[in-house]
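If you're wondering where the values come from, they're calculated on a predicted model, not measured in any experiment. Proteins come first, then strands; the chains are lettered A, B, ... in the order of their sequence lines, and each starts at number 1.
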There are 2 protein chains.
Amino acid sequence: MDTTGNSFTGSYSYTLDAKGRVNIPAKMRKSLDPASDSTFVATRGSDPCIILYPATVWKQVEAKFIALNKGKALNRHFTRNFVRHAEAVQYDSQGRVALPAGLIEFGGIGKNVEIVGMIDRIEIWDPQRLQEMESRFAGREDELEAIANEIDL
Amino acid sequence: MDTTGNSFTGSYSYTLDAKGRVNIPAKMRKSLDPASDSTFVATRGSDPCIILYPATVWKQVEAKFIALNKGKALNRHFTRNFVRHAEAVQYDSQGRVALPAGLIEFGGIGKNVEIVGMIDRIEIWDPQRLQEMESRFAGREDELEAIANEIDL
DNA sequence: TACGTTTGTGGGTAGAAGTGGGTAAATAAC
DNA sequence: GTTATTTACCCACTTCTACCCACAAACGTA
């Protein structure tokens, strides 16, 4: 999907402050394409976390929804349920974004967060949930190896 | 996979210093393509070691992950589990990279390291682990010969 | 063999990054 | 229109990282 040049990697353990702000790691800020103008669109992940799409990547996500036939009720529902939780956030001069309260709640986020690079997007996790997520896939290493084989990694 | 011109060979016994830095051997630095700008992406190997991909090679690795359909949970997990341990590192004017603490731990690295050229990537091993790894494949020389046959070496 | 250059190792510190908080400005509520 | 609440902007401090220096050992050349 991505042709915007973003390249987010790594995992950072930061804190959510009393004002609902979290720091975007400096390396990720440097990775963000200039056209996004320090701006992400924050929304719910398909997994129980918050996703930050760079503004430029979000344009591509939007295009996919636009291309969905909205005459079908299920498509409208899918679109509505994805887009209504989305909100643009811009990081300030200290590199922090203020996360919408609804997303903080959806992500089950307390004081500690794990910020995970996913190449063309960023995920913000409650550390405990991330660990549970990893545990859920334990025992499926052969399936993971099949994917590694498939993409010749 | 690689068409970036990198060509890392050899094995070097160096040290990891108190600040978590390790020297990239001079010959390997000379082998690194200029477009990588002295930068690798360090991440977990499939084997218990650290891998350094040249930045240019990492772009190709990324492209494979981007091409994976992220609508599937298993693909998301696969991507997350690979990419969240990855981090760009740039060697300084003395040729050293600072390795992320998480990777040092994953690789079981103490004071001594073995730096191994793997053509388009570099592996950083705890010497004892590398030895154990070699021992694991002892006795399978006929299988190795079959591979040599297959690629007409 | 002698000497100059390059390489690997150890360490100090200036500058960058993350965290916590105050308040002016903008927005919402009455 | 006024008041209350929220958001955006700014500051200060602590910790971590990037940059620089020095030196010994190894290597290459005359």
Next item on the list: Using atom CE of B:Met28 as one end and atom C1' of C:dT7 as the other, report the distance to the nearest whole Å.
Entry: 15 Å

Next item on the list: Just report the end-to-end axis angle for the helix from C:dT1-D:dA30 to C:dC30-D:dG1, five pairs per end, to 10 degrees.
Entry: 40°

Item checked: Sidechain N-carboxylate O distance under 4.0 Å for B:Glu62, B:Lys59 -> yes

Checklist line | B:Ile24 CD1 - C:dT9 P separation (whole Å) | finding: 12 Å

Item checked: Whole angstrom value for the distance that separates P of C:dA17 from OH of A:Tyr91 -> 11 Å

Notebook entry, point to check: Please give, in whole Å, the distance from D:dC27 C1' to B:Tyr12 OH?
Noted result: 13 Å

Checklist line | Letter per nucleotide, 5' to 3', of nucleotides 4-9 of chain D [B base touched, S only sugar-phosphate touched, - untouched; heavy atoms, 4.0 Å] | finding: ----BB

Item checked: Euclidean distance, atom CD of residue A:Gln94 to atom C1' of D:dC13 [Å, nearest integer] -> 12 Å

Next item on the list: In plain terms, say whether A:Glu123 and B:Arg76 are close enough for a salt bridge, that is, a side-chain N and a carboxylate O under 4.0 Å apart.
Entry: no

Check: Does B:Val89 belong to the same Ile/Leu/Val/Met/Phe/Trp/Tyr cluster as B:Ile104, with side-chain heavy atoms less than 4.5 Å apart forming each link?
Finding: yes

Check: When you measure from the side chain of A:Asn6 to the backbone N and O of A:Asp33, does any donor-acceptor pair fall under 3.5 Å?
Finding: yes

Check: Which class fits the ring pair B:Tyr91 and B:Phe40: parallel under 30°, tilted 30 to 60°, perpendicular over 60°?
Finding: tilted

Margin query: Of the listed nucleotides (C:dA17, C:dG8, C:dT9), which one gets closest to any side-chain atom of B:Thr15?
Written below: C:dT9

Item checked: Parallel, tilted or perpendicular, as decided by the 30° and 60° cut-offs, for the rings of A:Trp58 and A:Phe82 -> parallel

Check: To the nearest Å, how far apart are A:Lys30 NZ and D:dT17 P?
Finding: 12 Å

Item checked: Whole-Å distance separating the OH atom of A:Tyr14 from the C1' atom of D:dC16 -> 10 Å

Next item on the list: Take atom CG of B:Asp17 and atom C1' of D:dC23, then tell me their distance rounded to the nearest Å.
Entry: 15 Å

Check: If you measure from the Lys or Arg side-chain nitrogens to the Asp or Glu carboxylate oxygens, is any gap between B:Asp17 and B:Lys111 under 4.0 Å?
Finding: no

Note to self: Does a side-chain N or O of B:Lys111 approach OP1 or OP2 of C:dG10 to a distance below 4.0 Å, or not?
What the structure shows: yes

Notebook entry, point to check: Does the side chain of B:Ser11 come under 3.5 Å of the side chain of B:Glu114 through a donor N or O and an acceptor N or O?
Noted result: yes

Margin query: Given 3.5 Å as the limit, does a donor-acceptor pair link the side chain of B:Arg29 with the main chain of B:Ile24, or not?
Written below: yes

